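See below for the structure under consideration.
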Protein chains: 2
Amino acid sequence: MGRTKYLASMAECPTHRLLQRLGGRWVCLVLKELAAGPLHRGELGRVIAGATPKMLTETLRTLERDDLISRTVHEGVPPRVEYALTPRGSSLMPVIAAATEWAERNLTR
Amino acid sequence: MGRTKYLASMAECPTHRLLQRLGGRWVCLVLKELAAGPLHRGELGRVIAGATPKMLTETLRTLERDDLISRTVHEGVPPRVEYALTPRGSSLMPVIAAATEWAERNLTR
DNA sequence: CTGTATCCAAGACGATACTG
DNA sequence: CAGTATCGTCTTGGATACAG
């Protein structure tokens with residue numbers, strides 16, 4: 001892997017864009033939960049206690065825009081919305097798993 | 001991989017701490033440069049154009065604290081400081097490489 | 001050359017209340 | 001149940017000037 005010769009701006013560094021996204025406060029928690037199976041929003045809110053409605057929505061919307069999760073509305077009373085990993089989202093999980101393994105071995109604190 | 005049963009706070013999620021760190025504006029750029037071999041600060045500053053002295057120092061100090069890079073002072077005039085990946089830093093590179101590969105394949109924009 | 005010190009702007013994140 | 005709307009705070013990152 002040769003040395004970069006000139007400015008590698010943020011726009012030219014997909015890696016940074018990805019890591020920046022994944023570094024979001026609730027992102028990896030949401031992805032890990034959905035990796036275990038689809039969940040309704042309420043369930044997500046309970047499992048990921050601490051995330052305010054606003055942050056949860058924000059996180060979910062971003063992940064949806066990035067095509068990492070899908071959002072399915074089930075009409076009725078009460079309304080229900082189901083979130084699930086997309087194929088693309090699933091393909092990202094091994095990367096996160098690698099990060100997790102390294103982190104648990106090397107990040108004492 | 002079973003579903004988490006209760007609050008997974010930030011403190012309990014090493015993965016998030018790692019991703020948060022790596023998501024820093026200049027972190028992955030610095031690591032990638034050093035992965036190609038040790039560099040003096042001035043060289044780093046040139047290669048990673050755009051990073052102000054303050055940000056460069058901040059990034060390097062953080063990486064040093066995390067034992068991902070080493071800092072070696074060579075006395076003399078002018079003074080020279082060499083930065084290099086530590087073994088721990090090297091061990092992280094495959095994880096970053098995996099992220100890079102995924103990002104380049106899936107992150108169109 | 002290798003940093004430090006200020007100051008400042010923008011964004012991330014959170015608390016709280018409210019709507020269909 | 002599934003969000004939206006406000007508002008405030010804290011953190012990140014950048015511009016600039018200066019020091020050993």
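Chain identifiers are assigned alphabetically (A, B, ...) following the order of the sequence lines, protein sequences preceding nucleic acid strands; residue numbering begins at 1 within each chain. Since the structure is predicted, the reported quantities are computational estimates derived from the model, not experimental observations.
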Inter-axis angle, terminal five-pair segments of the helix from C:dC1-D:dG20 to C:dG20-D:dC1 [nearest 10°]: 50°

Expressed in angstrom and rounded to an integer, what is the separation of A:Leu44 atom CG from D:dA2 atom P? 9 Å

Distance, rounded to the nearest Å, where B:Gln20 contributes CD and C:dA12 contributes C1': 10 Å

A:Leu39 CG to D:dA2 P, straight-line distance once rounded to whole Å: 11 Å

Checking the side chain of A:Thr59 only, and the main-chain atoms of A:Val27 only, is there a donor and an acceptor separated by less than 3.5 Å? no

Side chain B:Arg21, main chain B:Thr62, donor-acceptor under 3.5 Å: no

Please enumerate all protein N or O atoms sitting under 3.5 Å from an N or O of nucleotides 1-5 of chain C, with distances to 0.1 Å.
from  : atom 1 : to      : atom 2 : distance (Å)
C:dC1 : O3'    : B:Pro79 : O      : 3.3
C:dT2 : OP1    : B:Val81 : N      : 3.2
C:dT2 : OP2    : B:Gly42 : N      : 2.6
C:dG3 : OP1    : B:Arg71 : NE     : 3.3
C:dG3 : OP1    : B:Arg71 : NH2    : 2.3
C:dG3 : OP2    : B:Tyr83 : OH     : 2.8
C:dG3 : O5'    : B:Arg41 : NH1    : 3.1
C:dT4 : OP1    : B:Arg61 : NH2    : 3.4

Using whole Å, report how far CG of B:Leu56 lies from P of D:dG14. 12 Å

Atom CE of B:Met55 and atom C1' of C:dA9: how far apart are they, to the nearest Å? 14 Å

To the closest 0.5 Å, what do you measure between CD (B:Glu33) and CG (B:Leu39)? 6.5 Å

Nearest 0.5 angstrom please: A:Glu43 CD to A:Glu82 CD, how far? 8.5 Å

Can you check the A:Arg21 CZ to C:dG11 C1' distance for me, whole Å? 14 Å

Need one value for B:Gly24: base, sugar-phosphate or nothing, where a base atom within 4.0 Å counts as base even if backbone is also close, heavy atoms only. sugar-phosphate

Least distance between heavy atoms, A:Thr86 atom then A:Asp67 atom: OG1-O, 2.6 Å

Sequence neighbours left out, cut at 3.5 Å: what donor-acceptor pairs do the side chains of residues 68-81 of chain B make with other protein atoms?
from    : atom 1 : to      : atom 2 : distance (Å)
B:Ser70 : OG     : B:Ala84 : O      : 3.4
B:Arg71 : NE     : B:Tyr83 : OH     : 3.4
B:Arg80 : NH1    : B:His40 : ND1    : 2.3

Please give, in whole Å, the distance from D:dG13 P to B:Glu58 CD? 7 Å

Short side-chain N/O contact to D:dG14 OP1/OP2 from B:Trp26, under 4.0 Å: yes

